[in-house]
Amino acid sequence: MMLLKSLVSLCVLAAVAFAVPAQEKRIHHHADLSDHDHNDAHGFQYDHEAFLGKEEAKTFDQLTPDESKDRLAKIVDRIDTDKDGYVSHTELHYWIKHRQRRYIEENVNKHWHEYDKNQDQKIAWEEYKNTTYGYYLDEEFDDVEDKATYKSMLRRDERRFKTADRDGDGVATREEFTAFLHPEEFDYMKDVVVQETVEDVDKNGDGKINLDEYIGDMYTPENGESEPEWIQTERKHFKEFRDSNKDGYLDGGEVAQWILPGEVDHADNEAKHLIHETDTDKDGLLSLSELLDKIDYIKTSTITDYGGMRVDEHDEL
């Protein structure tokens, strides 16, 4: 920061930092289930967030045991759409998908009001750009310590915005803005998702991802720390599965198979996993008593918005 503009610059820099949604900076694939790794050996936070939702994760933990049971009973009643007293795989799968959609809708609504300055129910690229980067555009980012990073962020946002803008009119409808914020949810945004992932992981700039870059994106060893077993597994996966042509690198097509395997339904897999973990009598159905027995396991998962779901709300299933 330039000292003569320290007060103004600090305020504006803070505004820019918070104005740019994190989702624009790095696509977190399937983050609408959980931001945590699905690794039961290191805890069940993924399952918690997948069952309850992740907007108000702390609420459930603040409830008394009786309040927790009461809230869970109300949530289970909503999931049990045929009212037979049990939660089936189909009902649980549908619920988790519903929580995913709701998270995306709420995220889009939050940012929509920030950027639709003229309230015409559309967001022009100029509106987004000026709201996010406005002050620094005139200054060519001269007041930002890492000028190159901000210029790169601007180019990246513009590229993604133009791809999401299917009719090319420079203005995003709500659906197009949703594709901009959550490109992993739209088939026509696939190339952008792959390109941004390669750019993020490819540290030497050769347009490909080697084994060290692949591992380095998920794990940084501490001094003297031996490599954990799961990293050794990831090395094996890279060599045996990810790098399908065995040239030692992941190209765009291989990255697409890695991060966007179209046949994988994460909500379906999570529903199966939750039933496996909580279905005590192994009849393929979850009763309220079974869920209450495992309340510590699920009370902060996606079913309840990480414990914060308001059970009196009337969002459509």
Side-chain angles (χ1 to χ4, degrees), residues 23 28-40 42-110 178 182 185 264-317:
Q23 195 77 6
H28 298 285
H29 310 291
H30 310 297
D32 38 316
L33 274 184
S34 176
D35 295 326
H36 295 271
D37 291 329
H38 198 176
N39 187 342
D40 290 346
H42 295 92
F44 302 104
Q45 192 61 28
Y46 184 101
D47 302 295
H48 297 330
E49 296 182 357
F51 191 84
L52 300 172
K54 57 183 178 180
E55 288 303 295
E56 302 172 25
K58 297 180 180 179
T59 303
F60 225 84
D61 288 337
Q62 297 172 352
L63 300 177
T64 67
D66 286 343
E67 289 171 335
S68 295
K69 291 178 180 180
D70 181 63
R71 178 169 296 197
L72 182 59
K74 292 178 181 178
I75 292 168
V76 169
D77 183 62
R78 294 189 63 194
I79 300 172
D80 177 21
T81 54
D82 64 8
K83 304 305 177 187
D84 67 350
Y86 297 93
V87 173
S88 68
H89 167 265
T90 299
E91 290 169 330
L92 186 54
H93 178 213
Y94 186 80
W95 174 261
I96 293 174
K97 293 287 287 186
H98 166 67
R99 305 311 303 170
Q100 289 177 292
R101 292 192 301 270
R102 184 171 176 270
Y103 163 74
I104 291 173
E105 289 170 1
E106 290 182 348
N107 182 253
V108 171
N109 288 339
K110 179 178 70 175
T178 302
H182 297 275
E185 299 294 325
V264 176
D265 184 338
H266 291 264
D268 180 61
N269 288 342
E270 180 60 16
K272 292 175 180 175
H273 179 72
L274 284 166
I275 288 175
H276 174 76
E277 293 295 335
T278 56
D279 180 20
T280 306
D281 61 12
K282 303 304 177 186
D283 64 351
L285 301 170
L286 299 182
S287 66
L288 176 58
S289 63
E290 286 175 323
L291 289 167
L292 288 174
D293 285 342
K294 297 292 184 72
I295 192 168
D296 288 334
Y297 177 88
I298 62 170
K299 71 178 182 180
T300 54
S301 76
T302 56
I303 290 188
T304 63
D305 269 343
Y306 307 97
M309 194 190 86
R310 298 177 299 279
V311 292
D312 57 344
E313 63 191 355
H314 300 290
D315 53 328
E316 295 295 328
L317 293 179

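One is the number of the first residue; the rest follow in order along the sequence.
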*Taking atom OG1 of Thr178 and atom CG of Asn109, what is their separation to the nearest 0.5 Å?*
8.5 Å
*Under 30°, 30 to 60°, or over 60°: which ring-plane class applies to His93 and His89, parallel, tilted or perpendicular?*
parallel
*Determine, for Arg102 against Glu106, whether the closest basic-nitrogen to carboxylate-oxygen distance falls under 4.0 angstrom.*
yes
*Please say whether the positively charged group of Arg101, taken as NZ for Lys or CZ for Arg, lies over the ring of Tyr94, i.e. under 6.0 angstrom from the six-membered ring centre and within 45 degrees of the axis.*
yes
*With rounding to the nearest 0.5 Å, note down the distance linking CG in Leu72 to CD in Glu67.*
13.5 Å
*asked:* With rounding to the nearest 0.5 angstrom, report the CD1 to CD distance, Ile96 to Gln100.
replied: 8.0 Å
*Identify the heavy atoms of Gly284 and Asp279 that sit nearest to each other, and give their distance.*
N-OD2, 2.8 Å
_Side-chain heavy-atom pair Thr81, Trp95 within 4.5 angstrom cut-off_ = no
*Shortest non-hydrogen contact between Thr278 and Leu274, atoms and distance*: OG1-O, 2.6 Å
*Out of curiosity, Glu105 CD to Lys110 NZ, how far, rounded to the nearest 0.5 Å?*
14.5 Å
_Strictly distance-based, threshold 3.5 Å: is any side-chain N or O of Glu91 a donor or acceptor partner for the main-chain N or O of Asp80?_
no
*Would you check if there is a donor-acceptor pair between the side chains of Ser287 and Ser289 at a distance under 3.5 Å?*
yes
*asked:* Could you report the tightest heavy-atom contact between Leu285 and Glu290, atom names first, then the distance?
replied: O-OE1, 3.1 Å
*If you look at every heavy atom in Leu92 and Ala271, which pair is closest and at what distance?*
CD2-O, 3.6 Å
*asked:* Using a strict threshold of under 4.0 Å (side-chain N to carboxylate O), is an ion pair present between Asp77 and Lys83?
replied: yes
*Distance in Å, Glu270 CD paired with Arg99 CZ, rounded so as to fall on 0.5 Å steps*: 14.0 Å
*What's the spacing between Leu288 CG and Lys69 NZ if we round to 0.5 Å?*
10.0 Å
